[in-house]
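Chain naming here is simple, since letters A, B, ... match the order of the sequence lines and numbering starts at 1 in each.
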Protein chains: 2
Amino acid sequence: MAATIKDVARLAGVSPSTVSRVLNQKGVISDETKQKIASAMEQLKYVPNDIARSFANGSAHAISLVIDISDGTAYANNFFNNTVFGIETAAHQNDYNLIITNGAAAFGGISSVERLIAGKKVDGVVLPISLVTDELLRRIEDLSVPCVILGRSEEVGAEANWVDINNVQAGRRAVRLLLERGYKKIAFLSDGDGEVFNQDRIAGYRRELAANHLPVPNGGILHGLPTVESGMDCVRVLLQDDDAPDAVICSDDRLALGALRAAHQLGLRVPEQFGIISCDNTPLTELAETPITSVDVDTFALGVQAAQILIEQIEDPQTSLRQILLSTKLIERASTMRETREETEAIHI
Amino acid sequence: MAATIKDVARLAGVSPSTVSRVLNQKGVISDETKQKIASAMEQLKYVPNDIARSFANGSAHAISLVIDISDGTAYANNFFNNTVFGIETAAHQNDYNLIITNGAAAFGGISSVERLIAGKKVDGVVLPISLVTDELLRRIEDLSVPCVILGRSEEVGAEANWVDINNVQAGRRAVRLLLERGYKKIAFLSDGDGEVFNQDRIAGYRRELAANHLPVPNGGILHGLPTVESGMDCVRVLLQDDDAPDAVICSDDRLALGALRAAHQLGLRVPEQFGIISCDNTPLTELAETPITSVDVDTFALGVQAAQILIEQIEDPQTSLRQILLSTKLIERASTMRETREETEAIHI
DNA sequence: TTTATTTATGCAACCGTTTGCCTAATGCCA
DNA sequence: TGGCATTAGGCAAACGGTTGCATAAATAAA
């Protein structure tokens with residue numbers, strides 16, 4: 001049997017409360033007593049029973065990350081990994097454990113998340129936006145544990161804690177890089193429609209064009225699917241035009257790969273005649289036939305931030321809601337690395 | 001404040017023990033009493049305090065997955081995701097929670113895994129082979145909680161529970177497919193050296209060749225790195241030979257991609273003149289210029305198995321150790337899909 | 001010296017469930 | 001109708017900590 005606080009107390013010749021106090025650094029304890037207790041703990045190889053602790057002070061010192069197994073995005077790329085690692089790292093630093101639970105699963109009448117909270121096993125939850133519903137948010141609120149959302153939606157706005165990627169900025173940066181490289185007419189291929197992250201990127205794209213006094217090309221924003229085929233189709237359509245775009249920003253790596261291949265098929269050289277930027281920076285872009293410039297997101301940091309603001313809220317429920325936008329980084333690769341000479345020439349015409 | 005079992009008892013006019021008994025389906029309780037208790041629970045929206053429960057019966061009903069943040073493999077591909085999802089799913093089905101913890105992290109003197117176990121927060125652990133040391137295994141043994149390893153090493157052998165991929169079978173199957181497609185001389189590109197999974201694949205490769213009375217080609221087993229460049233280099237070397245291989249099995253998707261590109265550069269048509277099989281089935285193979293045939297592993301099932309045998313051991317510590325090898329599946333794509341006609345021709349010569 | 005204050009520690013209740021043991025009520029048989 | 005099983009449920013201790021309150025010893029102030 002493992003040693004308990006009482007065993008330690010007995011061996012050290014003090015009371016359990018004293019041991020507890022040195023363990024938690026509460027109250028004033030003489031150095032001598034501390035010494036005796038320390039050596040007793042040492043001798044008995046004492047490790048506190050964290051369950052008993054959680055029970056006594058009513059908090060599990062754990063947070064939960066709810067996962068969406070049905071979410072193909074998380075499933076297929078490594079967004080999930082790094083975010084989990086980030087959350088775990090930050091949680092650990094604050095002495096919290098991380099419990100993973102499936103958002104879809106239910107436990108008799110109530111969802112497993114609610115059970116986890118109501119059962120006092122966790123003090124807070126981080127929730128991917130794909131699982132957020134008003135209903136769920138309200139229930140969590142009722143159980144009065146804090147919550148932070150990964151990503152955001154229009155509805156959530158400033159009514160919740162969230163961390164998200166600054167997609168507007170990403171869109172602007174992509175446009176800016178293409179303009180710097182001398183591309184004149186930039187299209188945008190989106191892998192979806194209504195999602196906030198796509199809307200944001202498109203907004204950034206529009207804004208940066210506007211800031212440079214450039215119009216959004218006619219039919220320059222296409223909505224496709226996250227597949228190579230869709231990327232090829234879109235680019236074929238784009239390039240039918242006489243005055244076709246000479247660069248494209250894709251909101252998905254498969255789209256971008258399709259764009260690259262369609263351009264090659266149509267005999268365009270990338271990057272010389274056609275520039276491509278993608279958004280997810282999976283290995284697909286780095287290892288494409290022509291490596292593709294991509295927006296990179298530090299998903300580890302995303303997780304760290306999420307866990308940190310969650311724990312802040314747990315430790316001080318008065319803390320006001322927080323929303324955090326993470327900057328992105330543009331990793332330039334061959335697909336946009338052309339000499340800007342062409343630009344100069346073009347201007348001369 | 002949340003309702004406790006005492007509140008329920010009071011409202012139902014029974015004692016807490018009776019409520020506990022219906023909750024745990026122990027002892028004999030009349031239907032009438034059950035009814036009263038059920039409606040009291042309903043009315044009070046009672047949810048058991050799982051921490052108090054764990055405390056009372058000395059088991060957290062949780063397992064831990066130890067992760068290796070430094071492991072580039074897990075970090076970069078989606079092996080990790082699916083395995084976690086599988087573990088979570090199986091754990092949940094058995095009413096266990098899943099706690100993720102970083103294998104490298106430490107908590108004062110002891111590692112976070114040990115703390116989790118000694119602190120009674122988990123009843124068992126699943127451990128990636130990359131983190132396994134004799135030392136760690138011994139310590140876990142001392143704490144007398146069961147453990148299952150993801151993957152295996154020579155040292156571990158039959159001395160522990162593990163689930164692993166049947167890499168020998170994968171190697172054999174890859175060879176068999178290539179032979180069926182009429183390839184005559186098959187090389188093997190490994191992305192490493194000593195790892196058991198590479199050794200196994202190579203063993204399978206050798207065995208299947210032997211079973212077909214074929215020799216391992218001279219210099220037919222190359223050890224490279226998990227990069228596209230290394231794949232290109234290896235294939236260039238291989239193809240210098242007059243009597244060069246006409247197919248290659250790669251133990252990594254980047255190697256395979258490199259192989260594909262080198263073949264193209266050297267003017268070989270894939271699959272007609274050169275066949276390629278890879279082993280990880282990441283999107284890289286599916287979306288390569290020529291989609292690459294790949295060994296697919298059901299990492300979700302791997303997680304499920306791991307969790308299941310772990311929980312078996314937890315619930316019945318007498319259960320003997322178990323080792324499970326999971327079958328792989330060969331997903332055939334363009335890189336090997338050639339008419340076997342060529343084979344016939346070749347035979348006619 | 002006496003009294004007030006500070007410092008260091010002990011006592012015991014409490015957190016919410018579980019469970020071994022005991023008892024009251026019911027049913028059965030002789 | 002008394003005695004013995006059986007059934008249904010209550011009592012109270014236990015799980016391992018934490019913490020408010022009380023107190024003894026040591027020190028400072030009067």
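Contact check, Lys26(A) against dT18(D): no side-chain N or O comes under 4.0 Å of OP1 or OP2. Between dA12(D) and Ser17(B), no contact under 4.0 Å exists linking OP1 or OP2 to a side-chain N or O. OP1 or OP2 of dG9(D) sits under 4.0 Å from a side-chain N or O of Ser30(B). Contact annotation: Lys6(A) does not reach the phosphate of dG17(D) (side-chain N/O to OP1 or OP2, under 4.0 Å).
The distance from atom CD1 of Ile5(A) to atom C1' of dT18(D) is 8 Å, rounded to the nearest whole Å. Rounded to an integer number of Å, the gap from Lys120(A) NZ to dT17(C) C1' is 14 Å. Atoms CD1 (Ile51(A)) and C1' (dT18(D)) sit 16 Å apart, rounded to a whole Å. To the nearest angstrom, C1' of dG9(D) lies 15 Å from CG of Asp31(B). Between the CZ atom of Arg10(A) and the P atom of dT9(C) there is a distance of 19 Å, rounded to whole Å. Regarding Gln25(A), its CD atom lies at a distance of 13 Å from the P atom of dT19(D), rounded to whole Å. Taking atom CD of residue Glu32(A) and atom C1' of nucleotide dA26(D), one finds them 14 Å apart after rounding to whole Å. In this structure, CZ of Arg53(A) is placed 15 Å from C1' of dC15(C), rounded to the nearest angstrom.
Ile100(A) places none of its side-chain heavy atoms less than 4.5 Å from the side chain of Leu65(B). Using a 4.5 Å cut-off on side-chain heavy atoms (C-beta onward), Ser59(A) and Arg53(A) make no contact. By the 4.5 Å heavy-atom criterion applied to side chains, Val113(A) and Leu116(A) are not counted as neighbours. Between Thr18(B) and Lys36(B) the shortest side-chain heavy-atom distance does not fall below 4.5 Å. Residues Trp162(A) and Val132(A) form no side-chain contact, since every pair of their non-hydrogen atoms from C-beta on lies 4.5 Å or further apart.
In this structure, Thr18(A) reaches the sugar-phosphate backbone alone: every heavy-atom distance under 4.0 Å involves primed, P, OP1 or OP2 atoms, never a base. Among the atoms of the strands shown, only primed sugar atoms or phosphate atoms (P, OP1, OP2) are found under 4.0 Å from some heavy atom of Thr33(B). Note on Gly119(B): nothing from the nucleic acid sits closer than 4.0 angstrom, heavy atoms only.
If you check dG9(D), dT18(D), dT9(C) against the side chain of Ser20(A), the one that comes closest is dT18(D). Residue Asn49(A) has its side chain nearest to dG17(D) when only dA8(D), dG17(D), dT17(C) are considered. Of the candidate nucleotides dG16(D), dG9(D), dT18(D), dG16(D) has the atom lying nearest to any side-chain atom of Thr4(A). Nearest nucleotide to the side chain of Val14(B), out of dG17(D), dT9(C), dG10(D): dG10(D).
Residue side chain Arg21(A) does not reach the base of dG17(D) through any donor-acceptor N/O pair under 3.5 Å, judged by distance alone.
Each of Pro16(A) and Asn57(B) was assigned the nucleotide of DNA chain D with the nearest heavy atom; the assignment lying further toward the 5' end belongs to Asn57(B).
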(request) Could you please spell out the steps behind the side chain to side chain donor-acceptor pair (under 3.5 Å) verdict for Thr101(B) and Ser112(B)? (result) CA-CA 7 Å; Thr101(B) 196; Ser112(B) 57; 3.3 Å; yes
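By the 5.5 angstrom centroid cut-off and the 30-degree plane limit, Phe55(A) is classified as stacked against the base of dC15(C).
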